[in-house]
Q: 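Please see the structure below; I have some questions.
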Amino acid sequence: MLIMAVHQVPSLTREKYEEVVRRLTGKSRIESASDLPFDGLLVHIAGEGKNGFCIVDVFESEEAVARFNDAMSSIPREVGIEEPPEFFPAHTFMTSRGQ
C-alpha cells in the first residue's frame, strides 16, 4: 500500500527544510533518491505555496515510512520544525510515464 505524507505547518519554512536536507544528505539539495540514506521514497515534491512551505512525499509502503522516520530521527525538531507530517494511505497514484 502506498503512503502519502503531507507536511505544511507553520514551523516549516524553506530555510528549515534546506537545513534538514543538509543534515540528512550532506548536500544543499536533493537531486535523486540515491542522495537519501533510506529507500522506498517514490516521489518527493517541495515548494512554496500560498499557505507556506509544503512537502508532499509518496512512499512505497509503511516499512518505507518507518525507514524514513528512523533516518530523520530528531533532525526536524533540532532545526525548529515542531509538527510532524501527516501520513495516510494513497487512494490514487499515477505518473505521465505510466507507472
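Sequence positions, counted from 1, serve as the residue numbers for this chain.
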Q: Can you name the side chain to side chain contact (heavy atoms under 4.5 Å, CB included) partners of S73, sequence neighbours left out?
A: none
Q: Following the transitive rule for hydrophobic clusters with a side-chain heavy-atom cut-off under 4.5 Å over Ile, Leu, Val, Met, Phe, Trp and Tyr, establish whether M72 and V56 coincide in one cluster.
A: no
Q: Of all residues at least two apart in sequence or in a different chain, which pass the side chain to side chain donor-acceptor pair (under 3.5 Å) check with S61?
A: E63
Q: For the residue pair R22 and E15, what are the closest heavy atoms and their distance?
A: NH2-O, 4.5 Å
Q: side-chain contact (heavy atoms from CB on, under 4.5 Å) for F87 and V6? Distances and angles first, verdict last.
A: CA-CA 7 Å; F87 294 93; V6 177; over 6 Å; no
Q: So, using side chain to side chain contact (heavy atoms under 4.5 Å, CB included) as the criterion, who are the partners of S74 when residues are at least two apart?
A: R77, E78
Q: Considering the options V79, L12, T25, which one meets the side-chain contact (heavy atoms from CB on, under 4.5 Å) requirement together with V20?
A: V79
Q: Answer whether the closest heavy-atom distance between the side chains of I3 and F88 falls below 4.5 Å.
A: no
Q: Hey, could you give me each pair passing side-chain hydrogen bond (donor to acceptor under 3.5 Å, both in side chains) that has a residue in residues 35-49? Not counting sequence neighbours.
A: Y17-H44, K27-D35, D39-R67, H44-D57
Q: Going by an N to O cut-off under 4.0 Å, is there a salt bridge joining K16 and E19?
A: no
Q: Among all residues two or more places apart in sequence or in another chain, which pass the salt bridge (charged side-chain N to carboxylate O under 4.0 Å, His left out) test with E18?
A: R14
Q: In chain order, what residues pass the side chain to side chain donor-acceptor pair (under 3.5 Å) check against T92, with sequence neighbours excluded?
A: none
Q: In chain order, what residues pass the side chain to side chain contact (heavy atoms under 4.5 Å, CB included) check against A90, with sequence neighbours excluded?
A: L2, M4
Q: With hydrophobic residues grouped by side-chain heavy-atom distances under 4.5 Å, do V21 and L36 end up in a single group?
A: yes
Q: If you count heavy atoms of other groups shown closer than 6.0 angstrom to CD of E60, is the number above 12?
A: yes
Q: Minimum heavy-atom separation for A5 to P85, with atom names?
A: CB-CB, 4.4 Å
Q: Say you draw a straight line from CD1 of I55 to CD of Q8; how long is it, rounded to the nearest 0.5 Å?
A: 10.0 Å
Q: Does any pair with a residue in residues 80-91 pass salt bridge (Lys or Arg N to Asp or Glu O under 4.0 Å), and if so which ones, sequence neighbours excluded?
A: none
Q: If I take atom NE2 from residue H7 and atom SG from residue C54, how far apart are they, to the nearest 0.5 angstrom?
A: 9.5 Å
Q: Are F93 and I45 joined in one hydrophobic group, where the rule is that I, L, V, M, F, W and Y side chains link up if heavy atoms are under 4.5 Å apart?
A: yes
Q: Who passes ring pair (Phe, Tyr, Trp, His ring centres under 6.0 Å) against F68, sequence neighbours left out?
A: F38, F59
Q: To the closest 0.5 Å, what do you measure between CD1 (I81) and CD1 (I75)?
A: 10.0 Å
Q: Taking side chain to side chain donor-acceptor pair (under 3.5 Å) as the definition, give me every residue that meets it alongside S34, ordered by chain and number, with sequence neighbours left out.
A: S32
Q: My understanding is that only residues two or more places apart in sequence, or in another chain, count here; which of them pass side chain to side chain contact (heavy atoms under 4.5 Å, CB included) with P37?
A: L24, A71
